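Below is one structure, written out as structure tokens; comments come after it.
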Amino acid sequence: MSAYGIGADTAMAAPKGKQRGVPVKKSNVPETIVKWIPGEAITFYAGIIGIGAAQEALTGDETAKELLERIDAGSLPWFVAGASVAVALVIVGALTTGSRKPGTRPSIWALIVRSVLTLLAFALWTSALPGSWTYGLHFIRDMGAAYALLLVPLGLVFAAAAEAITRSVKL
């Protein structure tokens, strides 16, 4: 789904579990799994990785200026930029959806919890992208395609846990 949609769900739930505004329909298992994949933020990060991959290989004859112009797409600052996009989309989704109906301000606690869960989802799903931040770790690089396959059950467990957390505490 999207980080924006996760934020929009924040604006719809009342602190005691009563619905505000338009009722949020119960989701089935596939919808729950897809809901916790922050697609827009992952697309942003994948674009950065694609730009980094499109660069010429280093030859060793580069000038300092040429080295400064290179993008190290797998670096921590680019991951943080993508994670920031994810959190910003959760906040925008919560605030813009909540402002459509009077008295539908999102709970700050719900917003924080959903933002943290979105950050975890972003870290989990972006780690599958070749060239991402996790490929700097030798044990992940050595696992090859098995690492991406390992993420499927982890993603299923994460989606179930995130949904259980947000439903059980009415976030």
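Along the sequence shown, residues are numbered consecutively beginning with 1. Because the structure is predicted, anything quoted here is derived from the model rather than measured.
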Can you see which heavy atom on [X] is nearest to which on [Y], and at what distance?
{"X": "Trp36", "Y": "Ala159", "answer": "CD1-O, 3.9 Å"}
{"X": "Leu124", "Y": "Gly155", "answer": "CD2-CA, 3.6 Å"}
{"X": "Leu89", "Y": "Ala41", "answer": "CD1-N, 4.4 Å"}
{"X": "Tyr45", "Y": "Phe122", "answer": "CB-CZ, 3.9 Å"}

Does [X] belong to the same Ile/Leu/Val/Met/Phe/Trp/Tyr cluster as [Y], with side-chain heavy atoms less than 4.5 Å apart forming each link?
{"X": "Leu150", "Y": "Ile140", "result": "yes"}
{"X": "Leu137", "Y": "Leu129", "result": "yes"}
{"X": "Leu120", "Y": "Val157", "result": "no"}
{"X": "Val85", "Y": "Val80", "result": "yes"}

[X] side, atom [atom1]; [Y] side, atom [atom2] - distance, nearest 0.5 Å:
{"X": "Leu119", "Y": "Arg114", "atom1": "CG", "atom2": "CZ", "answer": "14.0 Å"}
{"X": "Trp125", "Y": "Ile37", "atom1": "CH2", "atom2": "CD1", "answer": "4.5 Å"}
{"X": "Met143", "Y": "Thr134", "atom1": "CE", "atom2": "OG1", "answer": "10.5 Å"}

When the ring centroid of Phe139 is compared with that of Tyr147, is the distance short of 6.0 Å?
-> no
Short question: side chain of Ser132, backbone of Thr126 - any donor-acceptor pair under 3.5 Å?
-> yes
Between Trp78 and Phe44, how do the two ring planes meet: parallel, tilted or perpendicular, split at 30° and 60°?
-> tilted
Considering only heavy atoms from C-beta outward, does the side chain of Leu154 approach that of Phe158 to under 4.5 Å?
-> no
Checking side-chain contact (heavy atoms from CB on, under 4.5 Å) for the pair Val87/Thr118: CA distance, chi angles, key distance, verdict?
-> CA-CA 7 Å; Val87 170; Thr118 301; 5.8 Å; no
